[in-house]
Amino acid sequence: MPEGHTVHRTAGQFRKHFQGQPVTVTSPQGRFTDASAISGTKLLKAEAWGKQLFLTFEPAVLRIHLGIYGKWGWSASHVEPKGQVRARFEATGQLADLRGPTACELLYFDEVGLLTAKLGPDPLRPDIDGAERSRFVERVSRSRVSVGQLLMDQSVLAGVGNVYRAELLFRAGINPYTPGATIPAELIGQVWDDAVQLMSIGVKRGIMLTREGHLKGQVKKDDRYYVYKREGLPCRECGKEISIAIMATRKLYWCGVCQR
DNA sequence: TACTCATGAGCAA
DNA sequence: TGCTCCTGAGTAG
C-alpha cells in the first residue's frame, strides 16, 4: 500500500533492524546489479521523503520508490526467496525482501540533494517553524490547476496518493475540480493539518483510516473511507451517490453535494 | 487458467 | 494524452 505513510513506516523498520550494522545486500532476481557496491557495508541512516525511501550506506545512498506495484516482505529468519525479489537485505536475525519497485538505484554525492529539491513538503516530516506548511499553502494558492491534481503532484505535496487525495478533499468539503487559487488560504492550511493528522495515524497503524469515529480501534475494511472506491454507493453524510471520474489518468472519487 | 486491476511516475509526441 | 515499466491479488469462467 504505497502512499507516504507506508514509506515512513518502512524507514522506521530499517532503523530498528539494520541501522548501525553491516547489511548483506543481494539481488536474487538479478536486476539490481549494484547490490555488490553496498553489500557488507553499514547502514548509516534510513529516512523517507514522501513516497521515496533513502537508505544511506557507507559508499552510497540507495533510493527506493515502490511505485504502484512495489512491496516489502519481512522475516525474522532466513527463507529462500520466492517470486521476483529485486533486492534482499539481511542482518543478524532480520531479512527484508523488495519486490516490483519502480526505482531501486544507487545515488552518489549530491544526487540526493538534487532529487529532494524537486519534492514538495512532506506532512510526515517535522515542520518545527511551519515553513513547510506555508510552502504548501503558497504553492496551491498561486496555481490555476485543480486541487485534485495538485494534491497528487509530488512537487506540491510529497507522500499523498490517490486514497488520501480523495479522503482529504472530502473531509475539507472541497470539490476536486476547484482551481487552487480560488480556495481560501485558511482552508488549504487545514488540508495540510488534516494530512499531518491522518497520515500520522497511517504510520502508527499501518493502514489508512480517514473517517471520524473510525480513527481508532478495529475498523472493518468496508468502513474505512468516505469516498475512495465507493462510486455508486450512497455518501455516508448526505446519501447522494458517490461520483467517479478520471483525473490525470487516475480514478477520482467525490461527493457532488458535500464537496462544493 | 486467463484476465483485470492497483495506493506511481517518467517519457515521447 | 497515451504508453510503458513491473508484480501480485482478486475474480470470472
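So that the names make sense, note that chain A is the first sequence line, chain B the second, and so on, each numbered from 1.
A/V112 and A/L55 are not part of a single hydrophobic cluster, where members link through side-chain heavy atoms under 4.5 Å apart.
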Between N or O atoms, less than 3.5 Å apart, protein on one side and nucleotides 9-13 of chain B on the other: list the pairs.
{"from": "B/dA9", "atom 1": "OP1", "to": "A/H65", "atom 2": "NE2", "distance (Å)": "3.3"}
{"from": "B/dA9", "atom 1": "OP2", "to": "A/K51", "atom 2": "NZ", "distance (Å)": "3.2"}

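Using a 4.0 Å heavy-atom cutoff across all strands shown, A/R31 reaches sugar-phosphate atoms only and no base atom. Here A/E167 lies out of heavy-atom contact (under 4.0 Å) with every strand.
Computed from coordinates, the A/K71 NZ to B/dG8 C1' distance equals 13 Å when rounded to whole Å. The nearest whole Å value for the distance from the CD atom in A/E105 to the P atom in C/dC5 is 18 Å. A/R86 places its CZ atom 6 Å from the P atom of C/dT7, with the value rounded to the nearest Å. Distance, A/Y253 OH to B/dA6 P: 6 Å, rounded to whole Å. Regarding A/K221, its NZ atom lies at a distance of 12 Å from the P atom of C/dA9, rounded to whole Å. In this structure, A/R99 atom CZ and B/dT7 atom P are separated by 21 Å, rounded to whole Å. Between the CZ atom of A/R9 and the C1' atom of B/dT7 there is a distance of 15 Å, rounded to whole Å. Protein atom CG of A/L168 is 16 Å distant from nucleotide atom P of B/dT7, rounded to whole Å.
Distance from the side chain of A/Q84 is smallest for C/dT7 among the nucleotides C/dT7, B/dG8, B/dA6. Which of B/dG8, B/dA6, C/dT7 sits closest to the side chain of A/Y228 comes down to B/dA6.
Checked against the 6.0 Å centroid threshold, A/F89 and A/F14 count as a close aromatic pair.
Across B/dC5 and C/dC3, the matching P atoms stand 16 Å from one another, rounded to whole Å. Using atom P as the reference point in both B/dA13 and C/dC5, the two lie 15 Å apart (nearest Å). Nucleotides B/dG10 and C/dG8 place their C1' atoms 23 Å apart, quoted to the nearest Å.
For the pair A/T24 (side chain) and A/G40 (backbone), a donor-acceptor distance under 3.5 Å is absent. The backbone N or O of A/G161 lies less than 3.5 Å from a partner atom in the side chain of A/E3, making a donor-acceptor pair.
Checked options A/R15, A/R63, A/R125; the residue passing with A/E47 is A/R125 (criterion: salt bridge (Lys or Arg N to Asp or Glu O under 4.0 Å)). For the side chain to side chain contact (heavy atoms under 4.5 Å, CB included) with A/P123, the qualifying choice from A/V191, A/V196, A/D194, A/L168 is A/V196, the only one to do so.
Between A/E132 and A/R135, at least one side-chain nitrogen of the basic residue sits less than 4.0 Å from a carboxylate oxygen of the acidic one, meeting the salt-bridge criterion.
Contact annotation: A/K251 reaches the phosphate of B/dA6 (side-chain N/O to OP1 or OP2, under 4.0 Å).
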